[in-house]
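Every chain is numbered from 1 and lettered A, B, ... according to where its sequence line falls, protein lines coming before strand lines. The basis for the numbers below is simple: all heavy atoms, side chains too, and nothing from hydrogens, waters or symmetry mates.
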Amino acid sequence: MPRITTESLLQMYRAMLETLGPSRWWPAQSPFEVAVGVILTQNTTWGNVEKAIANLREHDLLTPGRMATVTDEELERHIQPSGFYRQKTRNLRAFLNFLDEADGFDFIGLERWETPELRDRLLKVKGIGPETADSILLYALGRPVFVVDAYTARICHRHGLVPEDVGYDELQALFTDRLPEDAVLFNEYHALLVRVGKDWCRKKKPLCAACPLNGMGLEPAWSVLDR
DNA sequence: CTCCTGTACT
DNA sequence: AGTACCGGAG
């Protein structure tokens, strides 16, 4: 395994930022809307989530208090285009209950918890796993938490930085152990990795020659391991 | 490991 | 038609 340094991670960051420009994440009008988008986008393309969000906005359901008033059937209908709509309705309901019990639907009231405790509490909510919890912490609450995902794993694995079956915490530590604890940096870094993962470091037929991360002196491990 | 689900892309 | 999608639960 190659030695990974702070400078090499920052070099990757700069390469992506220079090529792609800033990402302006998370696209939403409130912290609650961010959290809803985070939950809806689990294993789902963002375009489908946008349709669901648009439905919710049309019906003025993008606040915890308003969303809590509708039935499961109505919520299912609105978020249907984002897929997994029965599960996600349960997940949204569980998150609403969490907000209600935590702070009476005042999303900003979550500020009273330090990040590690708030993360533990989020992870106890059914439907909220590590990536969803961290995305809410970073993109809804501005906490300096580095979000990793399948794209991050794929990109890092193909550059020989981690094994293919790297776990969430281990992959996250790769970045948090070496980068300054900066929410603005973490926000943009994850956004850039997702964009690279979608458009260049694709699962099949990766476009390595045109990739923003091409020619960084990293080992293209994928080329000899799989296809 | 399988299931969950709709949509868009190849 | 097959595949992939800003995962998580059982």
Side-chain angles (χ1 to χ4, degrees), chain A residues 13 16 20 22-28 31 33-56 72-98 119-141 143 145-158 164-172 175 183 185-207 210 212-213 222 226-227:
Chain A
Y13 175 75
M16 293 190 290
L20 306 180
S23 309
R24 304 165 196 279
W25 278 19
W26 189 283
E33 186 180 326
V34 174
V36 170
V38 169
I39 290 169
L40 293 183
T41 200
Q42 289 171 356
N43 206 37
T44 301
T45 53
W46 180 249
N48 291 348
V49 176
E50 284 184 310
K51 295 173 187 176
I53 299 270
N55 289 340
L56 294 171
D72 283 355
E73 291 71 30
E74 186 176 350
L75 200 46
E76 284 177 8
R77 263 188 287 122
H78 291 132
I79 71 170
Q80 195 236 2
S82 73
F84 303 106
Y85 59 89
R86 276 186 285 260
Q87 287 196 143
K88 286 174 179 175
T89 291
R90 284 196 287 275
N91 297 162
L92 287 172
R93 195 69 71 191
F95 183 63
L96 288 174
N97 290 336
F98 165 76
R119 187 178 196 268
D120 286 341
R121 289 176 177 272
L122 285 168
L123 288 174
K124 286 177 186 150
V125 180
K126 292 295 180 192
I128 297 186
E131 185 184 337
T132 303
D134 289 342
S135 297
I136 291 172
L137 288 168
L138 177 63
Y139 289 106
L141 295 167
R143 303 293 179 99
V145 175
F146 198 96
V147 178
V148 299
D149 64 350
Y151 291 131
T152 314
R154 195 158 72 210
I155 292 167
C156 289
H157 169 62
R158 284 175 172 168
E164 188 167 24
D165 61 346
V166 62
Y168 187 95
D169 294 340
E170 188 188 351
L171 182 58
Q172 185 178 47
F175 292 90
L185 171 67
F186 290 175
N187 178 319
E188 188 60 45
Y189 208 139
H190 173 67
L192 289 165
L193 284 172
V194 171
R195 293 168 68 194
V196 168
K198 291 179 78 69
D199 297 332
W200 288 274
C201 205
R202 308 184 302 192
K203 197 162 192 175
K204 285 184 164 181
K205 298 195 229 170
L207 306 173
L213 292 174
W222 68 272
D226 50 40
R227 191 68 22 178

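Between the P atom of B/dG6 and the CG atom of A/N55 lies a distance of 14 Å, rounded to the nearest Å. The separation between A/F95 atom CZ and C/dG7 atom C1' is 16 Å, rounded to whole Å. Straight-line distance from the CD atom of A/Q80 to the C1' atom of B/dT5: 9 Å, rounded to whole Å. Rounded to whole angstrom, the span from the CG atom of A/D165 across to the C1' atom of B/dC1 amounts to 15 Å. To the nearest angstrom, C1' of C/dG7 lies 15 Å from CD of A/Q172. For the pair A/Q42 CD and B/dG6 C1', the interatomic distance rounds to 15 Å; values are reported in whole Å. The distance from atom CD1 of A/I39 to atom C1' of C/dA9 is 15 Å, rounded to the nearest whole Å. If you measure from atom NZ of A/K88 to atom P of C/dG7, you get 9 Å, rounded to the nearest angstrom.
Within the nucleic acid shown, A/Y85 comes within 4.0 Å of sugar-phosphate atoms alone, with no base atom in reach, counting heavy atoms only. Within the 4.0 angstrom heavy-atom criterion, only backbone atoms of the sugar-phosphate kind lie near A/I128; the bases stay farther away. Within the nucleic acid shown, A/G129 comes within 4.0 Å of sugar-phosphate atoms alone, with no base atom in reach, counting heavy atoms only. Within 4.0 Å of A/R154, counting heavy atoms only, lie sugar-phosphate atoms of the nucleic acid but no base atom. Within 4.0 Å (heavy atoms only), A/E131 reaches sugar-phosphate atoms of the nucleic acid but no base atom.
Under the rule for a salt bridge (Lys or Arg N to Asp or Glu O under 4.0 Å), the partners of A/R93 that lie at least two apart in sequence or sit in another chain are A/D72.
Side-chain atoms of A/F84 lie closest to B/dC4 of the nucleotides C/dA4, C/dG8, B/dC4. When the nucleotides B/dG6, C/dG10, B/dT5 are ranked by their closest atom to the side chain of A/R86, B/dT5 comes out on top. Checked against C/dC5, B/dG6, C/dG8, the side chain of A/P81 finds its nearest nucleotide in B/dG6.
Here the shortest heavy-atom pairing between A/H157 and A/E164 reads ND1-N, 3.4 Å. In plain terms, the two heavy atoms of A/S23 and A/R195 that are nearest each other are OG-NH1, 2.8 Å.
In this structure the side chain of A/T41 reaches within 4.5 angstrom of the side chain of A/W26, judged on heavy atoms.
Between A/T44 and the phosphate of B/dG6, there is no side-chain N or O to OP1/OP2 separation shorter than 4.0 Å. For C/dG10, the OP1/OP2 oxygens have a side-chain nitrogen or oxygen of A/K126 closer than 4.0 Å.
If you take atom P in B/dC4 and the same atom in C/dA1, they sit 22 Å apart, rounded to whole Å. For the P atoms, the distance from C/dG10 to B/dT5 is 14 Å, rounded to whole Å.
In this structure a side-chain-to-backbone donor-acceptor pair under 3.5 Å is missing from A/N48 to A/S82.
Using cut-offs of 30° and 60° for the angle between ring planes, the A/H190 and A/W25 rings count as perpendicular. The aromatic rings of A/F146 and A/F186 sit perpendicular, their planes meeting at an angle over 60°, well past the 30° parallel limit.
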Give me the distances for all protein-to-nucleotides 8-10 of chain B N/O pairs that come in under 3.5 Å?
| residue | atom | partner | partner atom | Å |
| --- | --- | --- | --- | --- |
| B/dA8 | OP1 | A/K51 | NZ | 2.6 |

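Nearest-nucleotide assignment on DNA chain C puts the 5′-proximal partner with A/W46, out of A/W46 and A/V125. Each of A/N91 and A/K198 was assigned the nucleotide of DNA chain C with the nearest heavy atom; the assignment lying further toward the 5' end belongs to A/K198.
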- Item | Intermediate values then yes/no, side chain to side chain donor-acceptor pair (under 3.5 Å), A/D134 and A/Y168 | CA-CA 11 Å; A/D134 289 342; A/Y168 187 95; 2.7 Å; yes
